[in-house]
4 protein chains.
Amino acid sequence: MEVTRIERIRKKLHEIIYEADTPFGKLFDVILLLLIIVSIISVMLESVASIRFLYGTELAIIEWIITGFFTLEYIGRIIAVKRPLKYIFSFYGIIDLLATLPAYIDLLFPGWHFLVSLRAVRLLRVFRILKLAHFVGASNQLVVALKKSRLKIAVFLFSVIVLCIILGTIMYMIEGPEHGFTSIPMSIYWTIVTLTTVGFGDITPATPFGQFVSMIIMILGYGIIAVPTGLVTAEFMSKDRKVHENTQVCPNCSADHHRDDAKFCYHCGHTL
Amino acid sequence: MEVTRIERIRKKLHEIIYEADTPFGKLFDVILLLLIIVSIISVMLESVASIRFLYGTELAIIEWIITGFFTLEYIGRIIAVKRPLKYIFSFYGIIDLLATLPAYIDLLFPGWHFLVSLRAVRLLRVFRILKLAHFVGASNQLVVALKKSRLKIAVFLFSVIVLCIILGTIMYMIEGPEHGFTSIPMSIYWTIVTLTTVGFGDITPATPFGQFVSMIIMILGYGIIAVPTGLVTAEFMSKDRKVHENTQVCPNCSADHHRDDAKFCYHCGHTL
Amino acid sequence: MEVTRIERIRKKLHEIIYEADTPFGKLFDVILLLLIIVSIISVMLESVASIRFLYGTELAIIEWIITGFFTLEYIGRIIAVKRPLKYIFSFYGIIDLLATLPAYIDLLFPGWHFLVSLRAVRLLRVFRILKLAHFVGASNQLVVALKKSRLKIAVFLFSVIVLCIILGTIMYMIEGPEHGFTSIPMSIYWTIVTLTTVGFGDITPATPFGQFVSMIIMILGYGIIAVPTGLVTAEFMSKDRKVHENTQVCPNCSADHHRDDAKFCYHCGHTL
Amino acid sequence: MEVTRIERIRKKLHEIIYEADTPFGKLFDVILLLLIIVSIISVMLESVASIRFLYGTELAIIEWIITGFFTLEYIGRIIAVKRPLKYIFSFYGIIDLLATLPAYIDLLFPGWHFLVSLRAVRLLRVFRILKLAHFVGASNQLVVALKKSRLKIAVFLFSVIVLCIILGTIMYMIEGPEHGFTSIPMSIYWTIVTLTTVGFGDITPATPFGQFVSMIIMILGYGIIAVPTGLVTAEFMSKDRKVHENTQVCPNCSADHHRDDAKFCYHCGHTL
């Protein structure tokens, strides 16, 4: 019957596009990864004036080949998936669309050429393929540790921003527009540049008092970098420490997280 | 009676201004937070010459509305509180006053316009409202960890400052005024810029020997950043550990380091 | 017999060159270390135009003496070792060859003078001598800790690079070639300069929106430095802990985490 | 008798100068601390051209008063101490002499005025007085932690320096004198500036390949800062962990560092 044949094609397509265990699925992922990398490099090269001048046509051809493949892949994904709308409006669905659209927009509205840089969004597609790679475990550990300390990190960030606004305003009052601190937002920009120890040097304090306050800001920044580091390290460690607790579960009350050397349940006193 | 009516108004006012559990109290806090943010943004925008030129009048109107609200709020707080003097001379009382005063001073003494930047002090009011938010717990943990290691941090800071003064003097002797190291304080400023890895580049060593000493200063700075980080991390960790264990000692076998939620000794099974 | 005499010389040579316990072996290592240091300093000095002009001949003589010694040493190593081919194609074999070749190439092809800087490769020979030093233990600990967390570090580095490419493209779209962000690769270079808190200041954002995004990049960079630090610290700690405890389990009560030097179970007093 | 009177004066002097428990000793320390601070500030101010021009005489008078006091104190210390020679050639003895000498040299040899900056050495005297302060405990902890990890820090520093020499030579070959990398030492200076994330911006890579290598150097520097931090943190923590060991000593074999929950000596099996 017709329906089962279509169904069979759809199933095959799903296997190739969404799965990574079959030879075709693996090949598809490798080709996709290569195309994404080629595409990103071509976007970068095109932005270099001299290369665009010399190899503009070649880059345009590569671009159209990649856009073609990505378009076919996008259509394939919509066909292969059971609930197409859910895919279209998912995070990766939008990324996949944004990976193809800029080329078509450029064709239709040549004036919107600046949108072409949006193609860099293709880089995010790399994460989809890497999802299949085995190092996601390590990545997950990082994400979990960061998530656990996100409240403390938020408090820290908020305090740093308030500090920068106040110090920026003080520096604006001290140095003033004549030394490059043209406005409070500019002064806050300078304070962040200084506190984070970036130190561009596009604006620098010129008055002795401004330099004195700068010294305090720099030493502050040098010191408070310890806070996020301490937070994240403590989080990594506490995860690590759970190693010292065993995975035993009390036969009586099912409490877990027992000490390695525990002989009795800390919760109900039952022998472990 | 008159007195009870006033008392009732005062109580209602206290509920709105100082409490955050009632609907009116919550609404008041949200409005206050918004007004503070609007006020801070308007202070920032006013400092940008082009915006001040175009929207000066609008910003002045916003400013007067906010100042009016803050003034009413300040009066309200004095009325609502039982001991007004204690409030007036408290930290937040002074902040609240400073949040309104600059506008009036600007009206009375137009020459003192520079004081207008003091309005940035309003930002500190944010902390009062956040006091009510639930993330104060996380903030307290940070503050406790920093407080515990404050003596060590003080020793570290003092050593860094002494180091910077000595290295700054050495650099002044090596490079001298002809290479931008115009005086010892300037040279100390440069040393702090370098040691904290900020590196503005407004002053840079020009003699080979000066560059050699700079290299030592930079590697020093790169290395000793480990000290505050190590201190704070160790503090976070030790606190972290203590949170999970209590100070109880088993009445039967004297085992300690019990879990916070332990009801029985992990060692002998005795009731804690 | 001839053969045994050659064999005896080879053995003696092996003792001097490859061993560090005998007086001759020690002397050889010290001389080699000194020559390497002298050679590196002479390469550095030769690159300074004024010194090359004044002491060019002296440096060339020193260079030829060192090249002569290194050549003899290289021949000696080939003779002394049992499997010369294995040595020649080993890491240190290639380094040893590269330490002598540039001088001869310079003699034969004077036009390839730029290759002379390759002599700096001699510095890597220092590691061979230090292999014998006692602080390799500490070095090994470092290497082991870094190796263990290499997967997490790779994930972190990959994420940072993806982040830099995306942020770099955004900054290119915001600032554009007129403010120094001449191309996407240039913009990525700037993003890395900013995110790592280096902050050269050769390119700086000029538009308010560009400065706003820069602030976010800087605070991001200031924050995520905590991640590698946390990873490495956690690795050092977990290794550190394991060094002090062994994996022995008490044959009587099965308690573990015994001290390395424990001879009796801390829990039941049974002999381990 | 004459001798006992002198002896009494000497004892009194010793009490005042060297001790901090008596009221006079405390007063002496406070005066000394103040004079050192005044002296350091006056040295700094004198180096500022405009201040030297205006208040040169006043600063000279202050300088002579302080030098006079320090001279008297130096003589007093020699008299009060039992073994004057040991004091004279001790670290603080030399510092005390260097604190007075520059003024006299300036009087005798006006041409050697540059030596006047040596007066900054007085700052080191602060440490002597602080020796008495109670925060030395915290300072000792820092010093002990740093000392314990000094071998690993040395290995780390050596590796960083070798890395900088090699990367500096590579950058010299890539960029060359025409882009500011005038010599290998200059190029190494730039590499250290970049690797330690200082980033002055006095020299910046101009070729695309140079910028590519710079990116690698920056990310390297951003990553390996984790190593010293991890080392010092691990050291702080391991000290901290000793808290988990108790101070009990085995009654049988005197072994210490027992686990908190140990009931038997890990060394001889004796009941604790």
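From a predicted model like this one, the values you see are computed outputs, not experimental measurements. These values consider heavy atoms only, across backbone and side chains, with no hydrogens, waters or symmetry-generated copies. Just so we're on the same page: letters track the sequence lines, and every chain starts at 1.
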**Report entry** Validation row: B:P185, A:F212 side chains within 4.5 angstrom (heavy atoms)
**Finding:** no

Requested in this report: Could you tell me which portion of A:V227 (side chain, backbone, both or neither) has an atom closer than 4.5 angstrom to a non-hydrogen atom of chain B?
Outcome: both

Requested in this report: Answer whether the closest heavy-atom distance between the side chains of A:I165 and B:M44 falls below 4.5 Å.
Outcome: yes

Query raised in the report: If every non-hydrogen atom of B:L195 is compared with every non-hydrogen atom of A:Y222, which pair is closest and at what distance?
Result: O-CE1, 3.7 Å

Query raised in the report: Should the heavy atoms of other residues, nucleotides or ligands under 6.0 Å from OH of A:Y55 be counted, would the total exceed 12?
Result: no

Query raised in the report: What's the spacing between B:L157 CG and A:L220 CG if we round to 0.5 Å?
Result: 8.5 Å

Query raised in the report: Would B:V43 and A:I184 count as a side-chain contact (heavy atoms from CB on, under 4.5 Å) if you check the C-alpha gap in whole Å, the side-chain angles of each, and the deciding distance to 0.1 Å?
Result: CA-CA 8 Å; B:V43 171; A:I184 292 179; 3.8 Å; yes

Requested in this report: Would you give the length of the straight line joining atom OG1 of B:T191 to atom CE of A:M215, rounded to the nearest 0.5 angstrom?
Outcome: 9.0 Å

**Report entry** Qualifying residues under side-chain contact (heavy atoms from CB on, under 4.5 Å), relative to A:P228, sequence neighbours excluded
**Finding:** A:F156, C:A226

Report task. Pick whichever of A:V162, A:T229, A:V198 has the most heavy-atom pairs under 4.5 Å with chain B. Result -> A:V162

Query raised in the report: chain A heavy atoms under 4.5 Å from B:V193: which part of the residue, side chain, backbone, both or neither?
Result: both

Query raised in the report: Checking A:S183 side chain against B:V48 main chain: does a donor-acceptor pair fall under 3.5 Å?
Result: no

Query raised in the report: Does the side chain of A:T194 reach to within under 4.5 Å of the side chain of B:F200, using non-hydrogen atoms?
Result: yes

Query raised in the report: Side chain, backbone, both or neither: which part of A:S187 has a heavy atom under 4.5 Å from chain B?
Result: neither

Query raised in the report: What part of A:I188 lies closer than 4.5 angstrom to a heavy atom of chain B: side chain, backbone, both or neither?
Result: side chain

**Report entry** B:I161 side chain near A:I219 side chain, heavy-atom distance below 4.5 Å
**Finding:** yes

Report task. Examine whether an atom of B:I153 lies under 4.5 Å from a heavy atom of chain A, and if so say whether it belongs to the side chain, the backbone or both; otherwise answer neither. Result -> neither

Query - Selection from B:I51, B:T197, B:I225, B:V160 maximising heavy-atom pairs under 4.5 Å formed with chain A - result: B:I225

Query raised in the report: Between A:M218 and B:Y189, is any pair of side-chain heavy atoms under 4.5 Å apart?
Result: yes

Report task. Can you sort out the partners of B:E63 under side chain to side chain donor-acceptor pair (under 3.5 Å), two or more places apart, ordered by chain and number? Result -> B:T67, B:R119, B:R122

